[in-house]
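See below for the structure under consideration.
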Amino acid sequence: MGLESQTEKSIYEKYNLKKVINASGRMTILGVSTPRPEVVNTVCKGLNEYFEIKDLVDKTGQYIANLLNVENAVVVSCASAGIAQAVAGVIVKDDLDLLYNLHASDKYVPREIIVPKGHNVNFGAPIGTMVGLGGGIVVEAGYANECKPDHIESLINPDTAAILYVKSHHCVQKSMLSVTQAASIAKKYNIPLIVDAAAEEDLQTYYQQGADLVIYSGAKAIEGPTSGLVIGRQQFVEWVKLQSQGIGRPMKVGKEGILGLTKAIELYVTDPRQETGQQMVTKMTPFIEKLNAIDGISARVVWDGAGRDIARAEISFDAKVIGKSATEMIHLMKQGEIAVYFREYKANEGKLDADVRSVTAEQLDIIYNKIKRIIQGAN
Ligand SMILES: *Cc1c(COP(=O)(O)O)cnc(C)c1O
C-alpha cells in the first residue's frame with residue numbers, strides 16, 4: 001500500500017477528470033456529499049468481512065430503527081430504489097407469485113398510487129418511473145398548483161394501493177396538503193402513506209406524522225455512502241425487504257453501503273456536525289460583500305424555499321451591465337480548469353444560488369475571482 005500511495009496519481013490526474021467546486025448543494029450529478037472519516041472507515045472494514053447478509057440487513061435495520069425511535073428500517077441502494085421497492089412492497093405484500101412476476105402477473109391487486117400533481121416531479125429521474133418500476137400506476141391528484149385533501153379523497157377506490165407524498169424542494173410548495181393531512185386520509189381509508197423525503201434533514205418527523213414508509217437518500221443530508229434508507233412500520237418495511245428477491249435485486253446495496261449508512265445515521269443523530277444556516281451566512285458574508293462591489297451584480301442571503309435550515313447566496317446578474325445572462329454565466333463558470341456548479345433553478349429570472357455547504361472559504365475566493373475574470377473579460 002505504501003508504495004502505491006506514494007506513486008499513485010490523484011484521481012483527477014489519472015483519469016484526466018475535471019476539478020469541480022460544488023456550490024449547488026447535494027447534487028447527484030456531482031457526487032452528492034463527502035462522508036466523514038468514521039463512515040469511510042466503516043465502509044472499508046465492512047468490505048473486508050463476510051456476513052450472513054439477511055442477518056446484517058435485519059440487525060442494522062433494527063439498530064437504525066432504535067436510533068430513530070421507529071418500528072423498522074432497511075438500508076437500500078438509493079432513495080429511488082426505496083421508492084420503487086416501497087411501491088412494490090405495498091402492492092405485492094408477501095404474495096410470492098407477485099413478487100416473482102410483478103410486471104407480468106395479471107393477478108388482480110390494487111396498483112394505483114395517488115400522487116399530488118405538484119409532487120409528480122423530475123428529481124433527476126421522474127417519480128412516475130420509480131412508481132412504474134415498482135409495479136404501480138400513478139394517479140395524479142389535484143392541480144399543478146393545488147392539492148387539497150378532497151382531491152386525494154375523491155380518487156380513492158378499490159384499486160388504490162397507496163398515497164405517495166413527495167416532501168421536497170423540487171415540488172410545488174403552495175396550496176399543497178400537509179403530510180399530516182395525507183396521513184389522516186390514509187388512516188381513514190386504511191391505505192398506506194409513502195413519503196419520499198429523499199433530501200430532507202429530519203429523520204423522524206414524517207414517520208411521527210403518520211407515514212407508513214419514509215424514504216431518504218443516504219448521501220444527501222445524512223452524508224453517507226451511495227445508499228438509501230426506508231423507515232416505517234414493522235410489516236411495511238418487511239414487505240420492502242422481501243423485494244430483494246424481486247425488483248430489489250438489480251438495485252441491491254452491498255455490505256459496505258449497509259454498514260456505511262448505518263454508521264452515518266448514528267453520527268448524524270448522536271453527533272451532528274450540521275453547519276447551521278447562521279454559520280453558512282457567516283461563511284458567505286465576505287463573498288457576498290465582494291460580489292456587491294462589482295458593477296452589474298447584486299448578491300444577498302436567501303433561505304431555503306422548502307424550509308430547511310440552509311442559507312444560500314443568491315447572485316443576480318444585470319445582463320445589460322455585464323453583457324451576459326445568468327444562463328451564460330452558469331455555462332462559463334463550468335468552463336476552464338475548475339468547473340463551478342451553482343443551483344440553476346432561477347436562471348430564467350437572471351439569478352443563481354450558491355450553496356456553500358460543500359464549499360470552503362478558499363473556494364469561495366476562487367469562485368469570486370472567476371466571476372470577476374469572466375465579467376471583466378467582457379468589458
Ligand atoms: C434526490 C431525490 C431522489 C433520489 O434519491 P437517490 O438517492 O439519488 O436515488 C428522490 N426523490 C427526491 C425528492 C430527491 O430529491
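Read the numbers this way: they start at 1 and go in the same order the structure lists the ligands and their atoms. Just so you know, residue 1 is the first one in the sequence shown, and it goes up from there.
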*Which option, Met251, Lys220, His170, owns the non-hydrogen atom nearest atom 14 (C) of ligand 1?*
Lys220
_Cation-pi check for Tyr368 against Lys290: NZ or CZ below 6.0 Å from the six-membered ring centre and within 45 degrees of the axis, yes or no?_
yes
*asked:* Any nitrogen or oxygen of Ala81, side chain or backbone, less than 3.5 Å from one on ligand 1?
replied: no
_For ligand 1, which is the ligand I care about here, please tell me if Ser80 has any N or O atom under 3.5 Å from one of the ligand's N or O atoms._
yes
*Can you tell me which residue and heavy atom of the protein come closest to atom 11 (N) of ligand 1, and the distance to 0.1 Å?*
Asp196 OD2, 2.6 Å
*Examine the side chains of Thr205 and Gln209 and answer whether a donor and an acceptor come within less than 3.5 Å of each other.*
yes
*What is the ring orientation for Tyr216 with Tyr206, classed by angle as parallel under 30°, tilted 30 to 60°, or perpendicular over 60°?*
tilted
*Nearest to atom 7 (O) of ligand 1, what protein heavy atom do you find, and at what distance?*
Ser217 OG, 2.5 Å
_Polar atom proximity, Ser168 to ligand 1 (N or O, under 3.5 Å)_ = no
_Does Lys351 qualify as a cation-pi partner of Phe342, given the criterion of NZ or CZ under 6.0 Å from the six-membered ring centre and within 45 degrees of its axis?_
no
*Atoms of ligand 1, numbered as shown, that sit under 4.0 Å from any heavy atom of Cys78*: 6 (P), 7 (O), 9 (O)
*May I ask you to check whether over 12 heavy atoms, not counting those of Tyr50, lie within 6.0 Å of atom OH?*
no
_Return the closest protein heavy atom for atom 5 (O) of ligand 1 as residue, atom name and distance._
Ala79 CB, 3.2 Å
_For the NZ atom on Lys14, are there more than 12 heavy atoms of other groups (residues, nucleotides or ligands in this structure) within a distance under 6.0 Å?_
no
*Identify, by atom number and element, the atoms of ligand 1 in contact range of Thr28, meaning under 4.0 Å from any of its heavy atoms.*
8 (O)
_Is the shortest side-chain heavy-atom distance between Val57 and Val253 below 4.5 Å?_
no
